[in-house]
Amino acid sequence: MKQEKFYITTAIDYVNAYPHLGHLYEKVCADIIARWNRLVGRDVYFLTGTDENAAKNERAAKEAGLEVKEFIDRNAKRFQELCKAFNISNDDFIRTTEERHRKVSQLIFTKMFENGDIYKSSYSGLYCYGCEEYKTEKDLADGKCPEHGTEPEHIEEECYFFRLSKYEKPVLELIERNQFIIPEKRKQEIVARIKAEGLKDLAVSRSRISWGVNVPFDPKHKIYVWVDALVNYVSALGYPDGEKYRKYWPADVHLIGKGINWFHSVIWPAILLSCGIPLPKHVLVHGYITIGGEKLSKSRGTSVDPFKLLEKYEVDAVRYFLARDIPFFEDGDFTEKALVERVNGELVGNIGNFIHRTLTLIWNLYGGQVPEPRNYEKDEECLKLVESIRRLPRVMREKLENYEIDRALKEVADFAIQCNRFLQAKEPWRTRDPDALFICVNSVRTLAIVLQPYLPSSSEKIWKLLNLEGLPEDYGWNSAGELAVKPGHRIGRPEIVFRKI
RNA sequence: AGCGGGGUGGGCUAGCCAGGUCUAUGCCGCAGGGCUCAUAACCCUGAGAUCGGUCGUUCAAAUCGACCCCCCGCUACCA
């Protein structure tokens, strides 16, 4: 049987600043989805990267006193380090300044042109010479550029347009087909907007800037950054004839923040249609993180440096918080207080403590050897927990297939509570009841597997403490529902997995 | 302004689509108790909400409808 493939991408990040918590959030979510899909046996390809061709980089570099390339390299490196530091399992990291990308970007542009979807016309708008970009009404304060305090000039220039209007019908059909955009409310936003405003042709080249990818047949023009950026999803696979492209395209999931939905759900499909490239299956839109109730904003200082967090907290503590506390489809708030409470109360106090008390009980009562159960099949409480072990991967799977990653993790926390209650009720330290501990140690194994996508390194640690062969991921998701730790098995010396912060 | 989402005990939250089993779920916090295998952990009990407001549909509404008040999101280059 052919293994099912699964290609997931994140948005690529602007490199005009260092990564913040929002960037991390998206990567962690993508990582969880990717790891989970691997665990259920799919052949996963996970891509992330950086968007480096924006003209804005030039300005940001100047402010930092660096050459553009130097500036971009420095920041891009930081994003790559972010992935490493937080255990993100991306298979590739594309930078849009790489040759492999630029040539595909140009190829796509050429294809659109050859298909008659690109034409030359003139674009007029309010241009700020300071920013070197066009401004819309709402960008301005009192008719002036908020940054330079000057009034932008009304100018007109030649540029290339993409016949986006031509694709209004097919794009609308695509979106209205169920589940292209997840969740539903993001779909409604887009559908409403297309129906209300229709699709207008889009200016896809800029001539007043010096940083960017040249329009191949007219190098005075640069390719509009968004067109260039979107192409990363195929360029990274080696479009048009790369092996990975043939294997993994179309994407199963483009994971993005809600602010760039339009580009992914409307413009990107239109570009692909123009080039005759198959369309992605889903655009998955997550919410934003707020900091203490405020929007992330570099200028207002409401930004959290993920690397700073690592100085105080462990990777898995942060991952746990992000996955559990931020409702995936909504905005969620970050505060250190909430992080500490969630981790101490739930991850450490509930999940971690259950693991630890189970392991130490086996160690102290049975010398580290899993006891032979007597007749748990006849005990109602035991059967209930066994049933929960079987159920947990099932219910989590339902949630995860719908990308409810926060809710799926809540199931884990609830399961741990149930385990603690069970232990409390059974009091094996007093009754010496081997059945209870036999089931508990299996619950620990279940936890190790179901936590693997969320907390990969802790999961491995639990696995080692159980002294089991290989790694949790070798056994697959469904194995989480089994009682696979056998009587007589020797566990390792108990150690604390999750420490209070 | 238009379109969309939401307002549930001190905080967060489930339930709402398919009305009754909701005398409303869970977590945090708070008060009391238990236990002591465990990372002052875990377990139990309790206080605390007429489910934003008004009106309506119905035998029955947190759940459906209308109107009103408040919050938030989207409206072409911000994860």
Side-chain angles (χ1 to χ4, degrees), chain A residues 10-14 16-17 19-27 29-30 48 51 54-56 79 133-136 138-139 164 183-197 199-204 206 224-227 229 255-263 266-267 285-290 295-298 324-325 327 329-333 337-338 341-342 344-346 348-350 352-365 406-407 410 413-414 416-417 419-430 436-437 440 494-500:
Chain A
T10 68
I12 51 176
D13 302 311
Y14 271 117
N16 54 359
H20 59 236
L21 200 58
H23 295 117
L24 176 64
Y25 177 66
E26 183 168 295
K27 292 189 198 305
C29 291
T48 188
D51 174 8
K56 276 183 185 173
F79 279 92
E133 62 187 25
Y134 285 97
K135 298 288 180 186
T136 58
K138 68 174 181 147
D139 291 329
L164 185 59
E184 184 70 19
K185 69 171 176 179
R186 297 296 166 203
K187 161 184 160 183
Q188 288 170 354
E189 282 175 6
I190 298 289
V191 168
R193 200 168 133 193
I194 295 177
K195 285 189 170 164
E197 302 168 25
L199 295 186
K200 296 193 283 261
D201 289 352
L202 184 71
V204 288
R206 300 292 129 102
Y224 171 44
V225 272
W226 261 108
V227 173
L255 176 64
I256 58 164
K258 60 186 184 179
I260 56 174
N261 191 196
W262 181 260
F263 299 98
V266 177
I267 296 174
V285 188
H286 66 250
Y288 279 173
I289 288 190
T290 56
K295 253 187 206 175
L296 284 198
S297 149
K298 284 144 246 165
R324 173 77 174 88
D325 244 60
F329 295 112
E330 314 284 327
D331 287 358
D333 196 43
K337 185 165 171 273
E341 271 172 15
R342 179 64 75 184
N344 281 346
E346 201 166 272
V348 180
N350 246 303
N353 192 234
F354 169 70
I355 293 168
H356 195 239
R357 58 197 303 215
T358 296
L359 298 184
T360 50
L361 278 168
I362 290 180
W363 193 261
N364 293 338
L365 261 40
D406 52 320
R407 293 198 172 192
K410 184 183 187 316
D414 289 344
I417 288 175
C419 290
N420 270 317
R421 283 184 187 151
F422 173 78
L423 211 43
Q424 189 69 21
K426 285 293 177 192
E427 299 183 292
W429 53 89
R430 190 174 60 78
L437 283 175
C440 282
E495 263 174 55
I496 283 174
V497 183
F498 303 111
R499 210 165 276 287
K500 277 225 173 193

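Chain naming here is simple, since letters A, B, ... match the order of the sequence lines and numbering starts at 1 in each.
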Could you encode protein contacts along nucleotides 26-37 of chain B as a string, one character per nucleotide from 5' to 3', using B for base contact, S for sugar-phosphate-only contact and - for no contact, with a heavy-atom cut-off of under 4.0 Å?
-> SSS-----B-SB
Any A:R407 side-chain nitrogen or oxygen under 4.0 Å from OP1 or OP2 of B:A14 | yes
When rounded to the nearest Å, what value does the distance between C1' atoms of B:C70 and B:G19 take?
-> 27 Å
Euclidean distance for C1', B:G53 against B:G34 (whole angstrom) | 45 Å
Of all the nucleotides listed (B:A79, B:C74, B:U39), which has the minimum atom distance to the side chain of A:V348?
-> B:U39
Could you please name the option among B:A76, B:A79, B:C43 that lies closest to any side-chain atom of A:K200?
-> B:A76
Test item: [X] side-chain N/O and [Y] main-chain N/O as donor-acceptor pair under 3.5 Å:
| X | Y | answer |
| --- | --- | --- |
| A:D201 | A:L164 | yes |
| A:D51 | A:Y14 | no |
| A:E26 | A:A11 | yes |

On RNA chain B, check which nucleotide each of A:R186 and A:G287 is closest to and give me the residue with the more 5' one.
-> A:R186
More 5' along RNA chain B: A:L199 or A:G259, using each one's nearest nucleotide?
-> A:L199
Quick one: label A:Y25 by what it contacts on the DNA or RNA (base, sugar-phosphate, nothing), any heavy atom closer than 4.0 Å.
-> nothing
Give A:V225 one of three labels, base, sugar-phosphate or nothing, depending on what nucleic acid heavy atoms sit under 4.0 Å from its own.
-> base
Specify the closest pair of heavy atoms between A:K27 and A:T48, including all atoms of both residues, with the distance to one decimal.
-> NZ-OG1, 2.8 Å
Taking all atoms of both residues into account, what is the closest heavy-atom pair of A:D406 and A:R324, and its distance?
-> CB-O, 4.0 Å
With under 30° as parallel and over 60° as perpendicular, where do the rings of A:F263 and A:W226 fit, or are they tilted in between?
-> parallel
Going by ring centres under 5.5 Å and near-parallel planes (under 30°), is A:Y288 stacked on B:A79?
-> yes
